[in-house]
Number of protein chains: 2
Amino acid sequence: MEELLMTTIKDIAKASGVSVTTVSRALNGYSDVNEKTRRKIIEVAEVLNYSPNSLARGLVMKKSKTIGLLVSGFNKESIKDNFTFEVLTGINQFAAETDYDLVLFNTNSSKQREKTYAQLCKERRVDGAIIQGIKTDDPYLKEVVDSDIPCVLVDIPIKTENVGYVTTDNVLGAEKAVSYLLELGHRHVAMINGHEFAFVSEERLQGYKNVLKSATIKFRKEWVVNGLFQESAAEEQARILLESFPEITAIFCASDLMALGCIKAAQKLGRTVPEQLSVIGYDDILLASYVTPSLSTIAQNKALLGYSAAKLLIQMLEGEAKPQSIIIETELIERESAIRLSN
Amino acid sequence: MEELLMTTIKDIAKASGVSVTTVSRALNGYSDVNEKTRRKIIEVAEVLNYSPNSLARGLVMKKSKTIGLLVSGFNKESIKDNFTFEVLTGINQFAAETDYDLVLFNTNSSKQREKTYAQLCKERRVDGAIIQGIKTDDPYLKEVVDSDIPCVLVDIPIKTENVGYVTTDNVLGAEKAVSYLLELGHRHVAMINGHEFAFVSEERLQGYKNVLKSATIKFRKEWVVNGLFQESAAEEQARILLESFPEITAIFCASDLMALGCIKAAQKLGRTVPEQLSVIGYDDILLASYVTPSLSTIAQNKALLGYSAAKLLIQMLEGEAKPQSIIIETELIERESAIRLSN
DNA sequence: TTGAAAGCGCTAACAA
DNA sequence: TTGTTAGCGCTTTCAA
């Protein structure tokens, strides 16, 4: 509206009888300015209700003090497992301790998202970016590696000159889950995985295989299906799995949402959970503790994931850290959906 | 990093043998530039991998094409009712259809949040702001009304020269809920409200009163307690309420989260829901359909709330609309937590 | 149809 | 300790 009213350092300079340079220095806390002058300037600035123009500052300093957020998960589906939101919470929490603000980019492309990752970031002149929830075949991903924009990836293990990442140990997490099922006496353990374009899926599958191997249980690839991280797709896959191989007594799901779908499928087939089928999930989403039966699962600290990502990125930006990989611990949560195999 | 590599219109001008003015006009689609020249310029721009500098543009144009988001709900508690997130989803959805980006401000003040609302916005030069989840006694709120920054409020009915709002009809929503309970035969209906610094609480209370009145049921103020929109506080309040007035057969809760707490309290007191106590919530959060018993509730279209807020704001910014109030419909969702009173 | 010049608000040499 | 000057990358009169 009244742009005319916006005070600038020029106004302050005039009002306090000094040059703009001095105002700039005074306001930015430089030491080479007379204390009296500084006090005067600060007072005038307050009277005139001055706010620095970050655009102008950014233009000359070549840094905007903003971080770009590229998240694919701002949509209906991701409301259920609010993974995206929880990570965001963590990012925001750390950012709040700094003078960086967050810029949300609109990647959920309405049709012709013609702008590339780099363009998005370069145009807004973000100092760095956090990327989350994109598939390994996403064109954006290649760009990240090539571009020279400092960046932290969530759950995508790529490390370069200016790209770091934060993730959990998915192999170990899956091992915990499957070991647990074996400890409960299960031998016929299937897996509902996500999809082939997710690193976490690769790793969780590896964990599954590892445990089977060390228990000398034969790996059967037809016992591993992809549920696309969706409740409905997982339900369908679980149905097929359970119909084809009724001898399965336990299923490891690569996400809680898919575990929910899996349980639905079992129930529709007349198999009660956990009595006639043990199910363990992954993530520990909010729903996990509220559904009946409550979900045993591998918990990820999602907020910490976000917090660490923001922290790493900002440290990189401030030259306090090199890009690195941060691995967050997971934890087995025992609830009701998996129990000892009855014989 | 390699800031030196950033192409500017100056580079393009040099490479294509024209002035920066012409480049600017060509790239911005002005008509007064020769088609041949334009093609040349665009080609060069692509070759040089040009991205416009939004900081520079914003500085001269006095608009940043960004929208500030002031949300108080980026924290652990708000993960349960992910109201905040769903609204954000809607905002993002509309923004994605435009060329505006979203800037998340860190209002969840770590101690000394010394910056005011206006400062936040002015510093970043956001063109407008969407404010959500702040209490009516929040100092930010007064500022909004005073400041000349275009702004849309979510669930706070204030309209001024440059402030509009989006909300649901909370009076009507509450009326639907309480009417429903009465239709089910209940006469002893209590209410668990939020807190006194929420407009929605005032309005829902009004709706509650309205229905009682038209049913000639006496309003008892000791039957209305505040649960602060929190599950635990509501549980405590519900316990006190039910212990003091065992004749209560139904409770209207001003949020689903509080309904959850309320149900817990009832169950701990040995009253089963819905058989011995009917409970109806408000919001229709994700959990509502997953818990047992599932929650009957008044559904708000949260994504639409956000979508409409973003739409209104951007229309205001583009001069296509004046600030106005938008009211979104609510809907009664019948599930399991409220049933006909048995006699 | 094009270009020269000015200026958005700020910071940063360099001089004084 | 302070001021002068230049310039960040862009848009926009105004003149040609």
Side-chain angles (χ1 to χ4, degrees), chain A residues 2-42 44-45 48-66 99 119 122-127, chain B residues 2-42 44-45 48-66 99 119 122-127:
Chain A
E2 323 304 340
E3 295 294 350
L4 308 174
L5 297 182
M6 283 287 196
T7 342
T8 71
I9 54 171
K10 210 166 157 186
D11 301 324
I12 299 177
K14 205 168 295 174
S16 36
V18 294
S19 72
V20 293
T21 315
T22 306
V23 174
S24 173
R25 280 191 291 234
L27 260 26
N28 288 309
Y30 280 54
S31 58
D32 59 351
V33 46
N34 187 301
E35 259 317 307
K36 248 179 163 167
T37 321
R38 159 173 285 128
R39 258 196 293 278
K40 176 74 186 291
I41 289 173
I42 289 178
V44 172
L48 295 185
N49 194 21
Y50 170 76
S51 289
N53 183 332
S54 69
L55 264 38
R57 179 179 283 160
L59 182 57
V60 43
M61 306 266 286
K62 292 190 182 311
K63 55 182 52 176
S64 60
K65 288 284 179 180
T66 56
D99 54 348
Q119 278 175 318
K122 282 163 79 175
E123 223 173 284
R124 283 293 176 199
R125 289 305 192 268
V126 298
D127 298 335
Chain B
E2 322 303 342
E3 297 293 350
L4 307 175
L5 298 183
M6 283 286 197
T7 343
T8 71
I9 54 171
K10 209 166 158 186
D11 300 325
I12 299 176
K14 206 167 296 174
S16 35
V18 294
S19 74
V20 294
T21 315
T22 306
V23 173
S24 174
R25 281 193 289 236
L27 259 26
N28 287 310
Y30 280 54
S31 58
D32 60 349
V33 45
N34 186 300
E35 260 317 307
K36 246 178 162 167
T37 321
R38 159 173 285 125
R39 257 196 294 277
K40 176 75 187 290
I41 289 173
I42 289 178
V44 172
L48 295 185
N49 193 21
Y50 170 76
S51 290
N53 184 333
S54 69
L55 263 40
R57 179 179 283 161
L59 182 58
V60 44
M61 306 266 286
K62 294 193 181 307
K63 53 183 54 178
S64 61
K65 289 285 178 179
T66 55
D99 53 349
Q119 278 176 318
K122 283 163 79 173
E123 220 172 289
R124 283 294 177 199
R125 289 303 191 271
V126 297
D127 298 334

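Protein chains get the first letters and strands the later ones, always in sequence-line order, with residue 1 at the start of each. All values reported here derive from a predicted model rather than from experimental measurement.
With dT5(D), dT12(D), dC10(C) as the choices, the nucleotide that has an atom nearest any side-chain atom of Thr21(B) turns out to be dT12(D). Side-chain proximity of Ser19(B) to dC10(C), dA4(C), dT11(D): nearest is dA4(C). Considering only the side chain of Lys62(B), dC8(C) comes nearest among dT2(C), dT11(D), dC8(C). Here the side chain of Lys10(A) is nearest to one of dC8(C), dT2(C), dT11(C), namely dC8(C). Closest contact between the side chain of Leu59(A) and the listed nucleotides dC8(C), dT12(D), dC8(D) involves dC8(D). Taking only side-chain atoms of Ala56(A), from C-beta outward, the nucleotide of dC8(D), dC10(D), dG9(C) with the closest atom is dG9(C). Taking the side chain of Val18(B) as heavy atoms from C-beta on, and the options dT11(C), dG3(C), dG3(D), the nearest nucleotide is dG3(C).
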Practice problem: Would you please test Ser19(B) and Thr22(B) for side-chain hydrogen bond (donor to acceptor under 3.5 Å, both in side chains) and show each step? | Solution: CA-CA 5 Å; Ser19(B) 74; Thr22(B) 306; 3.2 Å; yes

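If you check every strand for non-hydrogen atoms under 4.0 Å, Asn34(B) touches sugar and phosphate atoms only. Among the heavy atoms of the strands lying under 4.0 Å from Asp32(A) is at least one base atom, whether or not backbone atoms are also near. At the heavy-atom level, Thr8(A) lies under 4.0 Å from the strands shown only through sugar-phosphate atoms.
The CG-C1' distance, from Asn53(A) to dC10(D), rounds to 14 Å in whole Å. To the nearest angstrom, P of dT11(C) lies 13 Å from NZ of Lys65(A). If you take CD1 of Ile12(B) and P of dT11(D), they are 11 Å apart, rounded to a whole angstrom. In this structure, Glu123(A) atom CD and dC10(D) atom P are separated by 10 Å, rounded to whole Å. Straight-line distance from the NZ atom of Lys122(B) to the P atom of dC10(C): 12 Å, rounded to whole Å. Summarising the geometry, the separation between CZ on Arg125(B) and P on dG9(D) is reported as 20 Å, rounded to the nearest angstrom. Atom CG in Leu55(A) sits about 12 Å away from atom C1' in dG9(D), given to the nearest Å. For the pair Ile41(B) CD1 and dT1(C) P, the interatomic distance rounds to 13 Å; values are reported in whole Å.
The phosphate of dT2(C) (OP1 or OP2) has no side-chain N or O of Tyr30(B) nearer than 4.0 angstrom. Between Ser24(A) and dT11(C), a side-chain N or O to OP1/OP2 separation shorter than 4.0 Å is present. Phosphate proximity of dT11(C) to Asn28(A): present, with a side-chain N or O under 4.0 Å from OP1 or OP2.
Of the possible polar contacts, none joining the Asn28(A) side chain to the Tyr30(A) backbone as a donor-acceptor pair under 3.5 Å is found. Looking only at distances, no side-chain donor or acceptor of Ser64(A) sits under 3.5 Å from a matching main-chain atom of Gly58(A). Between the side chain of Thr8(B) and the backbone N or O of Lys10(B), at least one donor-acceptor pair lies under 3.5 Å. Side-chain atoms of Thr7(B) come within 3.5 Å of backbone N or O of Leu48(B) as a donor-acceptor pair.
Atom NZ of Lys63(A) is surrounded by 12 or fewer heavy atoms from other residues, nucleotides or ligands within 6.0 Å.
Each of Tyr50(B) and Arg25(A) has a nearest nucleotide on DNA chain D; the 5'-most of these lies closest to Arg25(A). Between Ser51(A) and Ser31(B), the residue anchored closer to the 5' end of DNA chain C is Ser31(B), taking for each the nucleotide with the nearest heavy atom.
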